[in-house]
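Protein chains get the first letters and strands the later ones, always in sequence-line order, with residue 1 at the start of each.
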Amino acid sequence: MSSETQRLVGELLVSSAVSVGSSSFSSSQGDKQLLPAGNKEKSVSVLEIDSAKERLNAELKAKQEKMKDSADVKAMWSFREKLPAFKVKAEFLKAMANNQVLVVSGETGCGKTTQLPQFILEEEISSLRGADCSIICTQPRRISAISVAARISSERGEALGETVGYQIRLETKSSADTRLLFCTTGVLLRRLAQDPKLTGVSHLLVDEIHERGINEDFLLIILRDLIPNRPDLRIILMSATINADLFSKYFGNAPTLHIPGLTFPVAELFLEDVLEKTHYNIKSEFDNFQGSSRRRRKQQDSKKDPVTELFEDVDIDSHYRSYSRSTRESLEAWSGSLIDLGLVESTLEYICHHEGDGAILVFLTGWDDISKLLDKVKVNHLLGDQSRILVLPLHGSMPTVNQREIFDRPPPGKRKIVLATNIAESSITIDDVVYVVDCGKAKETSYDALNKLACLLPSWISKASARQRRGRAGRVQPGVCYRLYPRIVHDAMLQFQLPEILRTPLQELCLHIKSLQLGAIGSFLSKALQPPDHLAVQNAIELLKTIGALDDKEDLTPLGRHLCTLHVDPNIGKMLLMGSIFQCLTPALIIAAALAYRDPFVLPINRKEEADEAKRSFAGDSCSDHIALLKAFEGWKEAKRSAKERSFCWENYLSPVTLQMMDDMRMQFLNLLSDIGFVDKSKGPSAYNHYSNDLEMVSAILCAGLYPNVVQCKRRGKRTAFYTKEVGKVDIHPASVNAGIHLFPLPYLIYSEKVKTTSIFIRDSTNISDYALLLFGGNLVPSKSGEGIEMLDGYLHFSASKSVLELIRKLRGELDKLLNRKIEEPGLDISSEGKGVVAAAVELLHSQNVHY
DNA sequence: TTCTTTCTC
C-alpha cells in the first residue's frame, strides 16, 4: 500500500469518526425512520424529538441492563465468553470506531456472525445511542438469516423480532423496536432501489463475502461508491481468513481484524494414505493397459483439466517411494476424470471397521453418484450388518432433503452415512459428522459467452472448498478427512472458486444496475472485484435489447422500467406482464413462480419412472413442461382445499415446501403487477383470465415471455431433430415431458433453460406454432430474398402467400400498438378497444399451422 | 437418456 493512499484513507476515517455518535451530526433522514414523519416539519419539534430520543436511549439501556441479570442470559453469557470472537471484542469495537470500513476474517466456529453484530448493538445501547442505532447484517442464504437472528435473540433473552429480527423474501420478523436486522443480500439489494443511501442505517455487516456470490460482489461495488456519501455509515466485511486481503485492498487497504477459529482438529489423509489403509486396487480405465508396466496412457480427452494433467507427469515410483507396491500401482492407474465409487465404498468399509463411532459425510458430485453408491452399498454388504448402518442421500432435489433423519443422532450402535452433494458444504450442517470422505469434485456452472451457453460440469473444487469440506468433520469432536485424490492434486487446485459473477449469464444483474441508476452497465461492472468478460456483458445487454427492456442507448424502455419492479429474470417478468395484458394472468403467475424459484417436482431415487410418469400425466397431450407445472400446482391447490395435500404431493412426487413458496410468490407477483397498474385487484381474478384455459393462448404468452429461447423442430424421417440459433443441434432433457416424443404437432419449442452437461439439453419446453412466434415473438423482418418474413436475425424464416403474410403483419402491428399503449399507460383499460385484435389473434392461434 | 447451489422491497 502506498503511503499516500494510507494517509488519505486515514484522513477519511478520522473525519468520518467524528460524525458517529454525535447526535447533532447524525442525519435528519435517520430520524425520519424512527419517529413519526409529522415531527420533522417545525423547528420547535426538534427539541421534542431530542428529548423523546433521549428517553428512548435511556429506556433501551435500562432494558438491556435488566436482561443481563436474567438466568437465561447469564447461562448464554458463559457460552459466549468462550468464543474466540469474545476475546477480540474491545479491539473490534475500537477498530470499528476508528475506521469506516473494517474487514474481519475468521474461521468457522469463531463466533463472528453471532457475536460481532451483537457487540455493536450492546455497545450502542449502553452508550445511549440505541435510538439512532440501526444495524443490518446480510447473509447469502435465507436459512442463515433466520437461524442467526434466532440465536442472538435467545442470547439476549428476547423473543425473535424484538430488538433482533430478520427479513427474507416473503417473510419478515421484525418490529419498530428492531435495531439489528438480519436479511439476505438479495433483500438489501432490493431495498437499495427505494433507499440508495441506506438512510438511517448506522452499521452494515456483509457476511460470507469469501463465497463470492454474485449478490455480494454486486453489493460491494455499490458500497465502495456509497462510502464517500455516507461518512457516518460503518461497514464491516466478514470473510473466511483465506482471502480477506483481497477485500481489504478493494476498500483502499481497510484494516483487517483476524479471529482464530474454534473447531476440533481434523486429520487429513490423501489418496496415497487412503490406499495404504484400504489396500484398494484402482483399475485403469483402459483395460488393455492393466498389469502392463508401461507408463499410464495420457487421457485422449481433449477437455482434460490441468489438475489431472499435472498428475500424469508425476513419476509415481520415485515420488511415492515409501509407499507399498499395491498403492503405487493404484496411483499409476488412477485417473482424475471419473469418480471411483469402489474406492469410496472401500473407504467407508475401512472407517466402519477401523474407526470409532461417528457419522460419515461423503461429498459426491450429483444425483447419479449418490444413487449408484447407495445401490452398491446395499448390494455389496461391505459395511457390515445392514441393521447397523443408516445410509441417507442428501441432494437439493431429492425428497429426503427435508427429512429430520439427516440431522438426528442415530440410535446407539448405528452409524449414519450421508451421501451428499455440495449442499452439505455450507447450506446444510450435520453436527455429528466425524468423518468426511471427499471426492474432490463438484458440479459447477460456467458461462460460455461465445456460444451464450450455460454449462454444468463436474470439476475440481478449490482449496477453499476442500478446507470447508474438511471442517465439516470437526464440529463435535476431532475428526478425520479422507481425500480421494493425491496430495499433489490438492496442491494444484485453485485457491478459490471463480466468483459467481464470472460464471453466470448477467441479464438480471444488468437490469438491476439500470434499475438502481448506477450508470452505464459496462463502466459500473468494470469496478467489480473481478469484472466480468466484456462479451458476457454484451450478451446480457443484447438480450435486454431483444426483449425490449433497453433501447439502443442502453436506457430503460417503459417495458424495462416495469421489469425492474418485478425483480425476476427479465424474461419471466415479461411473461407476467404479457399474461396480465392478454388475459392469462393465473397461468402466467404460477408458471413464472415455478421458473423463478425452482422445480416443484422432486427426484426420488427408487421411483424415477413413476415420478416421470406423474409429470407426464399432468402435461397430458400439451407437449409442455410448463403446462405440467401449472396442472400440478392447480392439483395441489385443489388437494389442499380437501386437506389431502400430503398424499397428493407424495403420490405425484411434488415438494410441498416448493409449492407453498410458489403460492406465496404468485401472490407477490400479483401485488407487484397491481402496484404498477397492470392489475386492478378490485375487479377480481375473472377480469384477467379470459384465456387462462386456452392452451394456445397460454403457450403464446409463454412464447412472448421466453423469446428468444426458440428451438426449431425439424423432421428427420420418423424422428425429430432440434436446433437453436446459438449452438445448433440440441437435445430435449430426458426429464422433460417432451423427451421421447418423436413427432410434435407444432414446429417450434420455446424454453427457459438450456444447459450443457453431457450434451446440450433443453430442460423445459413448450411446443408452439409459428403463429405464436409471428404474433408474440421477435420483430418481423421482411426476407431479403423476396417473399416471406424473418426473425432472430434471419435464423427463422416464415413463408406463406403474400396475402396471408400481409394479414399477419397487419395483425401484429395492431397487437404491438395495443401492447405499447398499455405499457406506456398500464392503468388504461384496453379490453374494449383490444377485443377485436385479441380475438383475431386467438383465432389465428387456433387455426394451427399448415407448413409443418 | 439425466437432474451443483443460491436469491429478490
Side-chain angles (χ1 to χ4, degrees), chain A residues 138-145 167-172 181 183-196 208 211-216 218-219 363-372 393-398 401 420-428 441-446 454-459 461 465 497 500 503-504 508-509 511-512 515-516 563-569 572-573 593 596-599 601-605 608-609 611-612 615 653 661 664-665 668-669 671-672 675 731-736 739-740 753 755-764:
Chain A
T138 68
Q139 293 293 316
R141 286 168 289 280
R142 294 162 57 91
I143 303 256
S144 31
Q167 185 178 355
I168 58 179
R169 183 179 203 161
L170 299 168
E171 201 179 318
T172 301
L181 182 75
C183 66
T184 43
T185 316
V187 166
L188 185 73
L189 285 169
R190 286 300 156 188
R191 176 174 168 165
L192 282 163
Q194 303 305 308
D195 184 12
E208 315 281 17
E211 289 182 8
R212 304 299 306 277
I214 192 166
N215 283 342
E216 287 73 22
F218 182 33
L219 180 60
F363 283 102
L364 297 165
T365 63
W367 197 96
D368 213 37
D369 310 331
I370 294 175
S371 166
K372 278 185 183 146
L394 176 58
H395 179 291
S397 305
M398 282 179 187
V401 74
T421 60
N422 46 4
I423 195 169
E425 225 173 79
S426 48
S427 306
I428 288 181
K441 295 206 165 180
K443 283 189 183 169
E444 189 184 69
T445 52
S446 54
C455 307
L456 175 63
L457 299 163
S459 59
I461 59 173
S465 296
Q497 190 190 25
E500 194 183 4
R503 294 188 291 112
T504 9
E508 214 178 332
L509 180 66
L511 190 64
H512 206 155
S515 146
L516 295 178
L563 293 178
C564 289
T565 54
L566 291 170
H567 46 252
V568 285
D569 179 271
I572 298 174
Y597 186 53
R598 54 160 46 232
D599 193 341
F601 286 98
V602 293
L603 309 171
I605 272 200
K608 253 175 15 173
E609 271 135 46
D612 285 349
K615 191 166 162 186
Y653 305 92
M661 184 69 174
D664 296 343
M665 284 175 65
Q668 185 188 32
F669 293 156
N671 290 330
L672 290 168
D675 289 348
D731 291 312
I732 304 299
H733 194 282
S736 165
E753 213 186 353
V755 186
K756 179 182 170 182
T757 57
T758 52
S759 169
I760 301 174
F761 289 111
I762 302 298
R763 283 230 169 116
D764 55 333

Donor-acceptor pair between A/Gln668 and A/Arg169 side chains, under 3.5 angstrom: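 Distance-only check passes for A/Gln668 and A/Arg169.
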Remember a base hit wins even if backbone is also touched, and classify [X] as base, sugar-phosphate or nothing at under 4.0 Å, heavy atoms.
| X | result |
| --- | --- |
| A/Gln668 | sugar-phosphate |
| A/Gln194 | base |
| A/Gly366 | sugar-phosphate |
| A/Tyr597 | base |
| A/Ile168 | sugar-phosphate |

Less than 4.5 Å apart, side chain to side chain, heavy atoms only: is that true for A/Pro734 and A/Phe761?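 In contact.
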[X] has an atom [atom1]; how far is it from atom [atom2] of [N], in whole Å?
| X | N | atom1 | atom2 | result |
| --- | --- | --- | --- | --- |
| A/Ile732 | B/dT2 | CD1 | P | 14 Å |
| A/Gln167 | B/dT8 | CD | C1' | 11 Å |
| A/Ile428 | B/dT6 | CD1 | C1' | 12 Å |

Listed nucleotide nearest any side-chain atom of A/Thr758, set B/dT8, B/dC3, B/dT2: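 That would be B/dT2.
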Can you list the residues that meet the side-chain hydrogen bond (donor to acceptor under 3.5 Å, both in side chains) rule with A/Asp675, with sequence neighbours excluded?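 Partners of A/Asp675 under the side-chain hydrogen bond (donor to acceptor under 3.5 Å, both in side chains) test: none.
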May I ask you to evaluate whether A/His567 reaches the phosphate of B/dC9, defined as a side-chain N or O under 4.0 Å from OP1 or OP2?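 So the side chain of A/His567 is within the cut-off, an N or O lying under 4.0 Å from OP1 or OP2 of B/dC9.
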Does the base of B/dT8 carry an N or O that pairs as donor and acceptor with the side chain of A/Glu508 under 3.5 Å?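 Counting by modelled atom types and ignoring angles, a donor-acceptor contact under 3.5 Å is found here.
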Residues that A/Phe601 engages under ring pair (Phe, Tyr, Trp, His ring centres under 6.0 Å), provided they are two or more places apart: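 Ring pair (Phe, Tyr, Trp, His ring centres under 6.0 Å) list for A/Phe601, sorted by chain: empty.
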